[in-house]
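Some notes on the structure that comes next.
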There are 2 protein chains.
Amino acid sequence: MKKTVVTFGLLILSLLVFFQLSKYSFVSGGLKIEIVIAAVAIVFFIIGIYLNKRSLHQERPPEGELDLHKLKALDLSNREYEVLKEVSLGLSNKEIGEKLFLSESTIKTHVSNILVKLNAKRRTQAIQIAKEMRII
Amino acid sequence: MKKTVVTFGLLILSLLVFFQLSKYSFVSGGLKIEIVIAAVAIVFFIIGIYLNKRSLHQERPPEGELDLHKLKALDLSNREYEVLKEVSLGLSNKEIGEKLFLSESTIKTHVSNILVKLNAKRRTQAIQIAKEMRII
DNA sequence: CGCATTTTGGTACTTTAGTATGAGGTAGTT
DNA sequence: AACTACCTCATACTAAAGTACCAAAATGCG
């Protein structure tokens, strides 16, 4: 909210500067009015692009962005989170075990704990929940 | 590419219009130069926002957009696609059966066929593949 | 150090998932 | 009518996934 005020303040300020510029050019004849107008056009064109880009990024967090708040709130341990990511890639318990140099039963333990913490019945549901929360 | 040319053509045209406007106001004194400048600022500000929005949407297809080409290329049947979506929501075969008023064995058949067509070993992998292809 | 948590792993068992195969019904096509 | 593709369902089996319970290391912290 604060930023919005500041931004529009700057916008109005720059408009005023252009007013002065135009008056100056009017009196001294040193600057052509076309140049002033072109400058205004370019500056505000760029400002439009810039502001729009920022607001878009705010309203839709860029895909890969993780929600670290929710991630902490779940208190998944490091290993559990690691396993969760592998699960979401579609690996079996055995494959995850081989990838992380752990036994299959260890993975089962981790997955079981993950299901409890994510409040899921199956690993597929855990994937869905995790994606919805932007945890993975 | 064509659109870009047209757009910038229009941009230059509108600038010229503003030039004429300013000259007219200069001669007749009917319009104040400030108003012209303000108009230029507003118009190009809006144009900047608009163009930026369009280009952003082009480079990053808006989340929910499905890749219909790949979807057809897989030749999943209607039912199979329907089941795939339920699988991706984390439902079990039994739950999917109840939701679609089908027996569990029917769902198993569909899932098996889906796995073959998506070239996946497990349903979790099918989910991952389908999401990567923007099929679901 | 002592304590709590995490990590690892095992056994035993139940539940889902997935495969293979067959088979009856429907709908559209040639 | 014959053919093809799809949808449905069943049985029988194998393979994963998941639960419950236990227990020994490893780790991190006051």
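Any value given below was found using the heavy atoms of this structure, including those in side chains, with hydrogens, waters and symmetry copies removed. Chain naming here is simple, since letters A, B, ... match the order of the sequence lines and numbering starts at 1 in each. Quick caveat: nothing in here was measured; it's all calculated off a predicted structure.
- Listed by chain and residue number, nothing satisfies the side chain to side chain donor-acceptor pair (under 3.5 Å) test with K121(A) (two or more places apart in sequence, or in another chain).
- Take S105(B) and apply the side-chain contact (heavy atoms from CB on, under 4.5 Å) test, not counting sequence neighbours, and it matches S103(B).
- Within residues 74-89 of chain B, no residue has a heavy atom under 4.0 Å from DNA chain C.
- Of all the heavy atoms in I96(A) and V83(A), the pair that sits closest is CD1-O, 4.3 Å.
- Residues meeting the salt bridge (charged side-chain N to carboxylate O under 4.0 Å, His left out) test with K70(B), sequence neighbours left out: D67(B).
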Could you run through nucleotides 9-30 of chain D and give me one letter per nucleotide, 5' to 3': B if any protein heavy atom sits under 4.0 Å from the base, S if only the sugar-phosphate is that close, - if neither?
BB------BBB-----------
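- For E86(A), the side chain to side chain donor-acceptor pair (under 3.5 Å) test picks out K99(A), with sequence neighbours left out.
- Rotation axes derived from the C1' atoms of the five outermost pairs at either end of the helix from dC1(C)-dG30(D) to dT30(C)-dA1(D) lie 50° apart, to the nearest 10°.
- In terms of the side-chain contact (heavy atoms from CB on, under 4.5 Å) criterion, residue partners of A130(A) (sequence neighbours excluded) are, by chain and number, L84(A), L118(A), I135(A), I136(A).
- For residues 108-117 of chain A, every residue pair satisfying the side chain to side chain donor-acceptor pair (under 3.5 Å) rule, not counting sequence neighbours, is listed here: E80(A)-K117(A).
- One distance of note links CZ of R123(B) with CD1 of I127(A); it measures 10.5 Å at 0.5 Å rounding.
- Residues passing the salt bridge (charged side-chain N to carboxylate O under 4.0 Å, His left out) test with E82(B) are R79(B), sequence neighbours excluded.
- Side-chain N/O atoms of H110(A) include none lying less than 4.0 angstrom from OP1 or OP2 on dT7(C).
- If you measure from atom NZ of K117(B) to atom C1' of dC6(D), you get 9 Å, rounded to the nearest angstrom.
- Among residues two or more places apart in sequence or in another chain, the side chain to side chain donor-acceptor pair (under 3.5 Å) test is passed with S88(A) by none.
- I114(B) places its CD1 atom 12 Å from the P atom of dT8(D), with the value rounded to the nearest Å.
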